[in-house]
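Just below is one structure, and these are the notes that go with it.
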Amino acid sequence: MAPKVLMVAEKPSIALAIASALSGGRMSTRRGSTEVHEFDGMFLGFPVHYKVTSVIGHVFSVDFPARFQDWNSTNPLDLFDAPIVKSESTPKANCFYSINLRHLSQEARGCGHLVLWLDCDREGENICFEVIECTGFQSTAGKKVHRARFSSVTEKDILKAMNSLVEPNKNEAQAVDARQEIDLKVGVAFTRFQTSYFNGKYGNLDSRVISYGPCQTPTLGFCVRRHLQINTFKPEKFWTLHPYIMYKGYELKLDWQRHRLFDSDVTQMFRNFVKEDGFLKVIGISEKQVSKGRPAGLNTVNLLKVASSALGFGPQLAMQLAERLYTQGFISYPRTESTAYPASFDYKGTLGALARNPVWGDYVQQLLSDGYHKPRSGTDAGDHPPITPMSSASENILGHDAWKLYQYICQHFLGTLSPDCKYTSFSFTSCFRLAKAFGIGVHNSSKSISFTLPAIFHMHEHHRVYNSLCYLQNYLYKFSKILLLHGIKAYEPWGSTQPPDHLSESELISLMEENGIGTDASIPVHINNICERNYVQVQAGRRLVPTALGISLIRGYQLIDPDLCLPDIRSFIEQQISLVAKGQADHSLVVEHVIEQFKRKFIYFVKQIENMDALFEAEFSPLSDSGRVLSKCGKCLRYMKHIPTQPSRLYCGTCEEIYYTPPKGTIKLYKELTCPLDNFELLIFSMPGPEGKSFPFCPYCYNNPPFEGIDNIFGASKSSSSVKLGKGAGMPCFLCPHPTCQHSMISQGVCACPECDGTLVLDPVSAPRWRLYCNMCNCLVSLPEGAHRISTTGDHCPECDSTIIEVDFNKKTTPLKDGATLHIGCILCDELLYSLVEIKHGKSFSRNARHRGRGRGRGRRGHSGRGRGSKKQHDPRMSFRDF
DNA sequence: GCAAGGTC
């Protein structure tokens, strides 16, 4: 059998391109975690069997070990010296691709060579070593690792790279390791300190996390800098003259060449001169040919700028739309830095694909028949070609927003192939004759007051210039060199100088790009971050207006240590890790050095925090003045206040303790019931919307789970729970294993979830639309509607072990004979109850399926709680109706 | 609950 060669790319699209190029399209493709393309070919002069697959970005990410994860017991300062661990990045919830790591180690089995086709940048080089680690290639004798260096994913470049394989560059990979460690330690240390300090002191900051980061903070800094410029702007009054002439009913306003004066009296003097004379003489006309070059190819950052400024789409939305257009085959890969097309690019073919489009098809035909120009040369970053339409679409197919974005991408592409845009700009200059005023008999332009009719031109799509007013100007010039002044306007004052507007998102993207803050893929994330943290708000025209919180933070850094919010902080880190990438400095020495510097900055920042706090004090209210009285503290038995602004929390003024509550919902007192474990009054949390779940929780247990390892025992890992538990997310009652408390999962749990490993729990306040919800997934089951009361009993069904429930039907609507209202039974085995229950929705079963077999559900009974049909119990997708 | 960087 031919030896096997495994090739790994950074994303599925590249794997496909490489396999297609090397196999000439003759390959077989099978679906693994990611697609695997297989074919036979030659490698280093020998016949081999190729397998080409990909990862999906980074395989690993860095974090602190578990013992540093607890905010309360970890001093943020210690994070600088803490170890860091690499662990497999958890795949996205809606992603069928499960696991990069296992996929790779499986595919690598039996392969003698590994060829790394990761993107040719530092991140790609870093992922090379992640792949090597996953495949175990490094450690096995007789196996060889190769790095393909390609400048584009064209067939030519792929073949060229194949013939000049090199070794992966450890230095570049280590530079990324260094950046990861520095970003993690600095970001997390500052974030935890700020969050604890300010959220522990003020009640209306309106952000769960007061985050800091070497990218997001300078991004915020740009917005605040502009805001402060606006606030400190001192307007000045100015005066100007605007004479009017009439032409065939048109009133034409002329601009004064002096533009404006800051002196009222002098302006008034000029005004009188002009008015007294009443005539203007045309002394010159200019006709300029102006040319605007056709654009180069479109890259991500430029797309984002136009999307924001012209289409009104934020970067996050724009990328989502672009991503969808890409996966549907309408445009090429949307994340690219390059604005230059590869030499081999098939313009004709791409134009051909657009030729039948009803909107611009005619223009495309014209370009094809009259000949198109090659795009202006841009820059080639060696990643992907510029963003280009791939096939024709219509608004009906794409929907409004995606269509607008697609339309721009098409028009930009057609623009790159069109002739340069040429247009003519006309203007004429006229002057008021100063003869009278200055007693000079002859016109002298040096002593005249000149006015200009502003150049008027209109560019039509496809660069045709129309301008009826140009003819008008010509007419004026030829036939009427002396113009009668129709009127003159000069208000007092005409106006005042205006401050700049708030930073537009598009300007911000440019600033970030210029200063090396973020990358094309991460710029939208950083902007989104500062919005979500409530540091800025996007207002009309997509302008970013900082909030009181955002301003206080930046002004605070400016007072304590301006470096912290200047863009240079990113370039400093970049410059340091570049030394590692070039092999000029040792990885660990650089990390140590940079971390040490930031540690010192951190210590100083903590010491000086009062300076920032003074700004917060002026702007925000202390916890003791915030919120409204809600429930009793179990320790001091005094009332605590609920502070509903993010992060939602309770504050006990007596104990000076904070108890975080689940986010994004309403919180009410739960019938003044108390938790048997700690005496705190129970609360009921309701998620918004008609289908929103409600559940009781004890504020103390929620923040300090009384039973260790709740996650492991019940498989309800915080991330997989459909309820976003949020900060301190410990244990709501639906996870509580208390054996006798009437609110615990043991008491309220009814049966195993049909779709995951969770337990269906009675929603105690769902009347009259009674229901059960799963304590782990989205599964929702409606119970008989309109019942007065539904409650669990202490009994279990002898047949399926579900909890027996008691239903008190409404007198008028009771389905029971003779108008009886009380009915007791098992919802699965009792014919009547079974006929009245209905599964509403449940989406997430596949994700949790792998937790199966760990015994939970009814908890102490393990599997026995799962339905009665033992024959079907192994199918996790079994619908509720199949029981 | 935290950073920034890949990608789906």
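Values reported hereafter were calculated over all heavy atoms of this structure, with side chains retained and with hydrogens, waters and symmetry mates removed. Residue numbering restarts at 1 for every chain, and letters A, B, ... go by the order of the sequence lines. Just so it is clear, the structure is predicted and the values come from calculations on it, not from any experiment.
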| task | Would you indicate what A/R324 reaches in the nucleic acid, counting non-hydrogen atoms under 4.0 angstrom: base, sugar-phosphate, or nothing? | result | nothing
| Is A/F190 touching bases, backbone alone, or none of the nucleic acid, heavy atoms closer than 4.0 Å? | nothing
| request: Could you check whether the rings of A/F190 and A/F605 sit parallel, tilted or perpendicular, using 30° and 60° as the cut-offs? | output: tilted
| said: Below the 4.0 Å mark, does B/dG5 have OP1 or OP2 next to a side-chain nitrogen or oxygen of A/S522? | reply: yes
| query | Do A/E657 and A/R649 sit within salt-bridge range, that is, some charged N less than 4.0 Å from a carboxylate O? | reply | no
| query | Do the numbers put A/K185 on top of the ring of A/F598, so that NZ or CZ is under 6.0 Å from the six-membered ring centre and no more than 45° off the axis? | reply | no
| message | Counting the atoms with a prime plus P, OP1 and OP2 as sugar-phosphate, which does A/D119 contact under 4.0 Å by heavy atoms, base, sugar-phosphate, or nothing? | response | sugar-phosphate
| message | Can you tell me if A/R533 touches the phosphate of B/dC2, counting only side-chain N or O atoms and a distance under 4.0 Å to OP1 or OP2? | response | yes
| said: Base, sugar-phosphate or nothing for A/T519? Non-hydrogen atoms, less than 4.0 Å. | reply: sugar-phosphate
| With nearest nucleotides of DNA chain B determined for A/R570 and A/Y333 from heavy-atom distances, which residue corresponds to the more 5′ nucleotide? | A/R570
| task | Check every strand shown and say whether A/V525 touches a base, only sugar-phosphate, or nothing at a heavy-atom separation below 4.0 Å. | result | nothing
| message | Please tell me whether A/D206 and A/T645 have a donor and an acceptor in their side chains that are separated by less than 3.5 angstrom. | response | no
| remark: Result for 5'-nearest mapping on DNA chain B, choosing between A/N72 and A/K11, is A/N72
| query | Side-chain donor or acceptor of A/Q194 under 3.5 Å from a matching atom on the base of B/dC2? | reply | no
| request: Would you classify A/P76 as touching base, sugar-phosphate or nothing, given that sugar-phosphate means primed atoms plus P, OP1 and OP2, and contacts are heavy atoms under 4.0 Å? | output: nothing
